[in-house]
Amino acid sequence: RRMQRLWKARASEGVKPRLPREQKQHEYQEKLKERFKDTAEVRRIARHRHLPKAVLKAARLKGVIKASKRRKEDNVRRHSKPGAVPHVAERKKGIVKVLT
């Protein structure tokens, strides 16, 4: 049975071995990045990572859902008797039961 790789040190790089020409090009590009790493443009490009569109949209949708739930809770609290709907922290909502 063959072992499967769990992760790569650099996710953007391929798995197959490079041709000598590709290897030289890659080394040159890395040297350029290292040489100009202090310039603002290179720093900005290096900081950004590509995220799949599906992941970005899912995160945005989750944010919208959270905001609407929070808004609804605030509205319910605003239109009910004081103290009838207590404020529960987001972290506490996930706790179903505390074991002792």
Side-chain angles (χ1 to χ4, degrees):
R1 208 172 126 202
R2 210 167 131 216
M3 295 279 288
Q4 290 290 328
R5 178 192 297 259
L6 295 178
W7 68 86
K8 297 188 290 185
R10 292 177 200 84
S12 60
E13 290 183 10
V15 179
K16 65 178 183 172
R18 289 195 194 102
L19 297 173
R21 196 174 190 175
E22 285 178 318
Q23 184 63 32
K24 273 188 154 180
Q25 176 69 18
H26 180 73
E27 288 169 4
Y28 176 67
Q29 287 174 348
E30 289 300 315
K31 271 186 190 172
L32 281 177
K33 286 182 208 170
E34 182 62 30
R35 185 174 178 186
F36 295 106
K37 68 181 178 185
D38 297 322
T39 60
E41 292 171 358
V42 174
R43 252 198 326 255
R44 190 184 68 79
I45 293 169
R47 237 189 354 251
H48 284 74
R49 294 284 181 269
H50 173 74
L51 263 181
K53 190 180 273 187
V55 174
L56 280 175
K57 285 188 175 183
R60 194 176 300 141
L61 180 65
K62 190 173 182 180
V64 169
I65 291 171
K66 266 179 92 169
S68 66
K69 281 184 179 179
R70 191 177 311 121
R71 192 168 50 244
K72 183 171 181 114
E73 280 183 12
D74 289 343
N75 289 339
V76 168
R77 204 171 285 117
R78 197 175 292 136
H79 292 284
S80 60
K81 198 160 85 174
V85 183
H87 181 75
V88 182
E90 282 292 319
R91 290 184 180 192
K92 303 278 185 186
K93 285 181 185 175
I95 300 171
V96 178
K97 185 179 178 183
V98 179
L99 298 175
T100 57

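Quick note: numbers below take in every heavy atom, side chains included, and nothing from hydrogens, waters or symmetry partners.
- The CG atom of Asp74 sits 10.5 Å away from the NE2 atom of His79 when rounded to the nearest 0.5 Å.
- Grouped by direct or indirect side-chain proximity (heavy atoms under 4.5 Å, Ile/Leu/Val/Met/Phe/Trp/Tyr only), Leu56 sits with Leu51, Val55.
- Around the CD atom of Glu30, the shell of radius 6.0 Å holds more than 12 heavy atoms that belong to other residues, nucleotides or ligands.
- Pairs passing the salt bridge (charged side-chain N to carboxylate O under 4.0 Å, His left out) check and including a residue from residues 54-63, sequence neighbours excluded, do not occur.
- Heavy-atom minimum distance, Arg43 versus Asp38: NH1-O, 2.9 Å.
- When hydrophobic clusters are built by joining Ile, Leu, Val, Met, Phe, Trp and Tyr residues whose side-chain heavy atoms come closer than 4.5 Å, directly or via intermediates, Phe36 is grouped together with Tyr28.
- If you take CG on Leu19 and NE2 on His26, they are separated by 14.0 Å, rounding to the nearest 0.5 Å.
- By the 4.0 Å N-to-carboxylate-O rule, Glu41 lies too far from Arg44 to be salt-bridged with it.
- Looking at residues two or more places apart in sequence or on another chain, you find a salt bridge (charged side-chain N to carboxylate O under 4.0 Å, His left out) between Glu73 and Arg77, Lys93.
- The two residues Ala84 and Pro86 come nearest to each other via the heavy atoms O-CD, 3.4 Å.
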CA sep, side-chain torsions, deciding dist, call: Lys24, Glu27, salt bridge (Lys or Arg N to Asp or Glu O under 4.0 Å): CA-CA 5 Å; Lys24 273 188 154 180; Glu27 288 169 4; over 6 Å; no
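- Salt bridge annotation for Arg18-Glu13: present, with a cationic side-chain nitrogen under 4.0 angstrom from a carboxylate oxygen.
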